[in-house]
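Okay, structure first, notes after.
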Amino acid sequence: MPRPLPEAIFRLALFVLPFAVAFLYIVSLLPILSPEAWSIVVFGGMALYMFAPLGTEIVIPAVVVALQAIDAPAHALVLGVVSVVMVDVLTALFIAWNWDLLEKARYLGGAVRRVEEKCHAIIERRRWGEGATLAALAAYVALPVQMTGGLFSSVLGRVMGLGKARVFLAVVAGSLAGSVPMAILAVLVGRPLLDALESPTAQAFALAAGILIMVAFVAVVVLLYVRGKRNASPG
């Protein structure tokens, strides 16, 4: 039986709305920033952070240094940092609103739901479990290494059985906690900081650290699932 039209429109709206908000936000920057500053913020900041395998440890200093090079005003520097954080915010919002589509997917959806249920059951048994998990997720997003952006963090939080609102807040808080200090450091140090962070050694460390931390979180998910499955087994 086909879905009622209003529900289909609602689902489409939830899917499209984060992209629409991103578009409106980008357009709203046009009258606030100079064309050169707008290009740096949108393409050198938001697009680079979204599509390149780089974390805030590179993107934010790159945006700050590029804006300083054109003598951009203070509000442009602030908007540069806010715009990078907006990528995490909108990504987390998209996952929050559309996660149920993955849960309903044939074959994969059932496996995802089972992992969520088992992980949530274990976390819920500990009074401190959910709080500690949310804090760990926020800290993960805040880390200045690669592969800690809003997309993987949101997926990881939902797979661990956390609610969509809590995951969204953890990702936003972590993104702010990681981006603001990096921006302040970039303003104070400038180009030498970016040169140091762009060195092959620093990039290799950021990538290796990101992979190791991601593997650790995946291992925690597997452990929680196994324990939840074992506790749910009869006898």
Side-chain angles (χ1 to χ4, degrees), residues 16-97 137-154 168-200 202-203 205-207 209-210:
V16 173
L17 195 54
F19 298 100
V21 172
F23 175 77
L24 292 175
Y25 174 79
I26 290 170
V27 171
S28 72
L29 295 177
L30 284 169
I32 304 173
L33 301 173
S34 68
E36 195 172 2
W38 183 87
S39 179
I40 290 171
V41 169
V42 173
F43 296 108
M46 298 180 76
L48 185 66
Y49 185 52
M50 183 69 192
F51 298 110
L54 298 172
T56 54
E57 82 286 350
I58 289 293
V59 176
I60 286 184
V63 169
V64 169
V65 169
L67 290 172
Q68 287 177 328
I70 62 171
D71 295 321
H75 75 272
L77 296 175
V78 173
L79 285 172
V81 178
V82 170
S83 297
V84 174
V85 173
M86 277 294 291
V87 175
D88 281 335
V89 171
L90 293 173
T91 302
L93 196 62
F94 179 84
I95 297 296
W97 282 346
L137 186 64
Y140 174 70
V141 180
L143 288 173
V145 296
Q146 295 182 23
M147 307 175 75
T148 59
L151 177 59
F152 183 77
S153 302
S154 296
F168 176 77
L169 291 175
V171 171
V172 173
S175 184
L176 286 169
S179 299
V180 173
M182 185 59 69
I184 294 172
L185 192 60
V187 169
L188 295 175
V189 179
R191 186 77 211 186
L193 173 65
L194 182 59
D195 291 339
L197 292 172
E198 285 182 332
S199 68
Q203 282 298 287
F205 174 80
L207 178 59

Report the residues that fulfil side-chain contact (heavy atoms from CB on, under 4.5 Å) with P73, sequence neighbours left out, ordered by chain and then residue number.
-> H75, A76
Has the side chain of S83 got a donor or acceptor atom that lies under 3.5 Å from a matching backbone atom of L79?
-> yes
Examine distances only and state if a side-chain atom of S28 and a backbone atom of Y25 form a donor-acceptor pair shorter than 3.5 Å.
->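 Present.
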Under the side-chain hydrogen bond (donor to acceptor under 3.5 Å, both in side chains) test, residues paired with Y140 that sit two or more places apart | none
Could you state the interatomic distance from [atom1] ([X]) to [atom2] ([Y]), rounded to the nearest 0.5 Å?
X	Y	atom1	atom2	value
I32	W38	CD1	CH2	12.5 Å
M86	S175	CE	OG	10.5 Å
S34	L29	OG	CG	11.5 Å

Closest heavy-atom contact between [X] and [Y]?
X	Y	answer
V171	S154	CG2-OG, 3.7 Å
A196	A202	O-CB, 3.3 Å
S153	V141	OG-CG2, 3.2 Å
A170	L137	CB-CD2, 4.0 Å

Would you list the atom pairs, donor with acceptor, under 3.5 Å between side chains in residues 39-61 and any protein atom, with sequence neighbours excluded?
from	atom 1	to	atom 2	distance (Å)
Y49	OH	D88	OD1	3.2
Y49	OH	D88	OD2	3.0

Pairwise side-chain contact, V81 with V63, heavy-atom cut-off 4.5 Å (strictly under) | no
